[in-house]
Amino acid sequence: MRDLVWKIALWLLVSAAMLLPIAWVEAHGFLSSATIQMWAKAIVLTDGPAVFRATDAFFPPLPFAIALVMQVVSGGTDIPLPHVLSAAVGGLLAVAWYYNLINRAAYDRVSAVLVVLLLVLNPVFLRALSEGPSMMFLILGAWLFFRGLVNIRLFGTAPDMMKVALGLLVATMSHELGVLFALATLPALVLAARPSLLLVSPSGYLVSMFFPVVAAVLSLFFISAVLKTDFFAVQLLSPDSTWAGATFLALLCLLPVPLMVLLRLLPQARFSMPLAGIVLTLAGMALLNRVYPVQPDPVLVAAPALGAIPVAARWWTRTSLRSTPLAALLLLSGMLGGWALGALGASESRAWLQAASGRTVTNPVAQAAQVAAFLRDREEVLADVERHPDLVAALGHARNFIAAGDPAYDRVLFGGRPAGAFIVVGVDQNEPVVRDRLLRALPRLQNNRDSRFDLVYDTGNWMVYRVNRAGDT
């Protein structure tokens with residue numbers, strides 16, 4: 001019992017420490033779009049109109065459900081609660097890796113602390129931490145899967161198979177990329193399996209691994225059909241061969257330790273086969289993201305490789321100077337990760353790198369702060385809250401909005417008489433397609449040519465109109 005209390009206390013302490021790099025980049029203006037989206041959804045569902053009916057997908061369910069509970073319990077704060085959840089998962093990973101290296105790999109405490117410290121200070125890990133809980137849960141699921149994959153070949157016990165199944169479930173329920181990760185594991189599971197398992201019942205072996213994932217995904221499809229929502233909120237991007245090459249290069253930046261362990265243990269098939277399966281899974285996930293692109297940032301696509309590093313470190317050859325070459329490779333991986341963020345990362349990764357270096361960047365919530373202040377004391381405001389999570393996050397609540405699910409809102413979308421006192425629309429001249437559904441239904445608002453509305457606030461990106469009853473036709 002005392003040991004459990006100590007582990008919980010250590011987890012809380014490390015989780016608090018994980019908030020420091022998040023707070024640093026946030027203080028310099030960085031907020032990821034994934035964090036804003038999850039935070040805004042939680043605000044709308046807990047503090048929005050009672051009749052609100054979400055039309056966007058509820059995927060991924062695991063981090064979103066926890067964030068929703070945190071929003072209810074806290075009652076709403078100025079701190080993005082997804083960041084707190086992300087730090088908690090990051091702390092859980094760090095503590096789990098530390099005890100795994102001590103108890104399973106016979107590392108001394110100093111060496112285990114050094115390895116874990118170098119791992120969590122990797123810029124890609126810190127970037128994933130600021131991305132939000134979905135990415136951190138994906139890394140957690142990847143680590144559980146990789147750990148179970150190696151143990152299945154070595155020991156073949158039921159708990160090891162449960163680790164694989166649990167890892168796949170966590171990864172799939174945490175991020176859109178996790179679905180591609182799960183699909184990419186199929187050849188790895190065959191490659192890493194004990195020959196005896198495949199001889200006895202190959203189909204039973206694979207079914208036991210994938211049953212939790214298949215059952216969960218099918219249940220989500222059922223719920224999605226009942227609620228008439230899309231399964232994924234993300235839209236597939238246009239495949240890009242350059243982008244795919246950048247993803248594989250980013251993977252290589254995080255794999256010095258697993259690749260070195262694989263080369264050293266290559267003659268021993270019971271080690272090399274599951275380690276090769278790990279590399280094959282990551283490469284397969286990157287390839288699937290090339291064919292079915294759900295994550296545009298090559299560095300974040302490579303982030304699950306962080307879960308492979310402590311698994312490979314466990315099987316590093318035991319010598320008196322065991323931690324020295326391992327620390328050197330981790331340091332190399334950290335430097336390569338920092339380079340990858342600047343050279344290969346998407347715009348948000350480059351913005352994170354600027355914020356981490358102390359330079360101020362802008363984020364959508366800060367840009368929406370002025371219009372949020374204007375709307376704070378207004379009531380009956382028509383707004384497309386699902387397309388403008390930055391406005392909801394900047395406001396901190398959604399009580400004064402008329403949103404999807406309200407007959408007054410739906411009537412406007414179908415060309416009916418305007419309702420409410422105000423209407424706010426977001427205008428982006430660079431968008432090829434208008435995202436704001438109210439602006440699509442009332443296109444003349446963009447040029448202030450609708451007599452039913454009086455323009456009362458305009459920043460170029462945001463326009464607020466007062467509903468003019470005299471202009472009704």
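The residues of the chain are indexed from 1 along the displayed sequence.
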| message | Val361 vs His28, test: side-chain contact (heavy atoms from CB on, under 4.5 Å). Steps then yes/no. | response | CA-CA 6 Å; Val361 298; His28 289 84; 5.7 Å; no
| Side-chain heavy-atom pair Asn468, Ser451 within 4.5 angstrom cut-off | no
| message | Is the positively charged end of Arg399 above the ring of Phe401, judged by distance under 6.0 angstrom from the centroid and angle within 45° of the axis? | response | no
| Any side-chain heavy atom of Asn400 sitting closer than 4.5 Å to one from Glu380? | no
| Side-chain contact, heavy-atom cut-off 4.5 Å: Leu252 with Leu259? | yes
| note | Residues Gly396 and Ile43: closest non-hydrogen pair is O-CG2, 3.8 Å
| field | Pi-cation contact, Tyr99 with Lys7 (under 6.0 Å, within 45°) | value | yes
| With a 4.5 Å limit on heavy-atom distance, are the side chains of Leu344 and Trp339 in contact? | yes
| task | Run the salt-bridge test on Glu386 and Arg437 with the 4.0 Å N-O cut-off and return the result as yes or no. | result | yes
| request: Over all heavy atoms of both residues, which pair between Phe422 and Val467 is shortest? Give the atoms and the distance, please. | output: N-CG2, 4.1 Å
| message | If I compare all heavy atoms of Trp143 with all of Gly307, which pair ends up nearest, and what's the gap? | response | CD1-O, 3.3 Å
| Min side-chain heavy-atom separation Pro389-Trp39 under 4.5 Å | no
| Nearest 0.5 Å, what's the CE-CD1 distance between Met70 and Ile79? | 10.0 Å
| Criterion side-chain contact (heavy atoms from CB on, under 4.5 Å) on Thr281 and Met285, from CA distance to verdict | CA-CA 6 Å; Thr281 297; Met285 177 190 64; 5.5 Å; no
| query | What heavy-atom pair brings His83 and Ser130 nearest, and what distance separates the two atoms? | reply | NE2-O, 3.9 Å
| task | List the atom of Arg452, the atom of Leu442, and the distance in Å for their closest heavy-atom pair. | result | NH2-CD2, 3.4 Å
| task | Please test Ile423 against Phe453 for side-chain contact (heavy atoms from CB on, under 4.5 Å), starting from the C-alpha separation and ending with a verdict. | result | CA-CA 9 Å; Ile423 181 170; Phe453 303 93; 3.7 Å; yes
| Do Asp428 and Asn461 touch side chain to side chain, with heavy atoms closer than 4.5 Å? | no
| task | Indicate yes or no: at least one non-hydrogen side-chain atom of Val25 is less than 4.5 angstrom from one of Leu31. | result | no
| query | Are side-chain heavy atoms of Pro258 and Ile278 found at a separation under 4.5 Å? | reply | no
| task | List the steps, then state whether side-chain contact (heavy atoms from CB on, under 4.5 Å) holds for Trp462 with Val427. | result | CA-CA 6 Å; Trp462 293 98; Val427 179; over 6 Å; no
| query | If we ignore angles and hydrogens, is there a donor and acceptor under 3.5 Å between the side chains of Tyr107 and Arg314? | reply | no
| said: I need the minimum non-hydrogen distance between Ala355 and Trp24, along with the two atoms involved. | reply: O-NE1, 3.3 Å
| task | Enter the distance from Leu138:CG to His175:NE2 here, rounded to the nearest 0.5 Å. | result | 6.5 Å
| said: Taking the six-membered ring for Trp, are Phe146 and Phe181 closer than 6.0 Å centroid to centroid? | reply: yes
| field | CG-CG distance between Asp390 and Asn363, expressed to the nearest 0.5 angstrom | value | 9.0 Å
| So, Ser33 and Glu348: side-chain donor and acceptor under 3.5 Å apart, yes or no? | yes
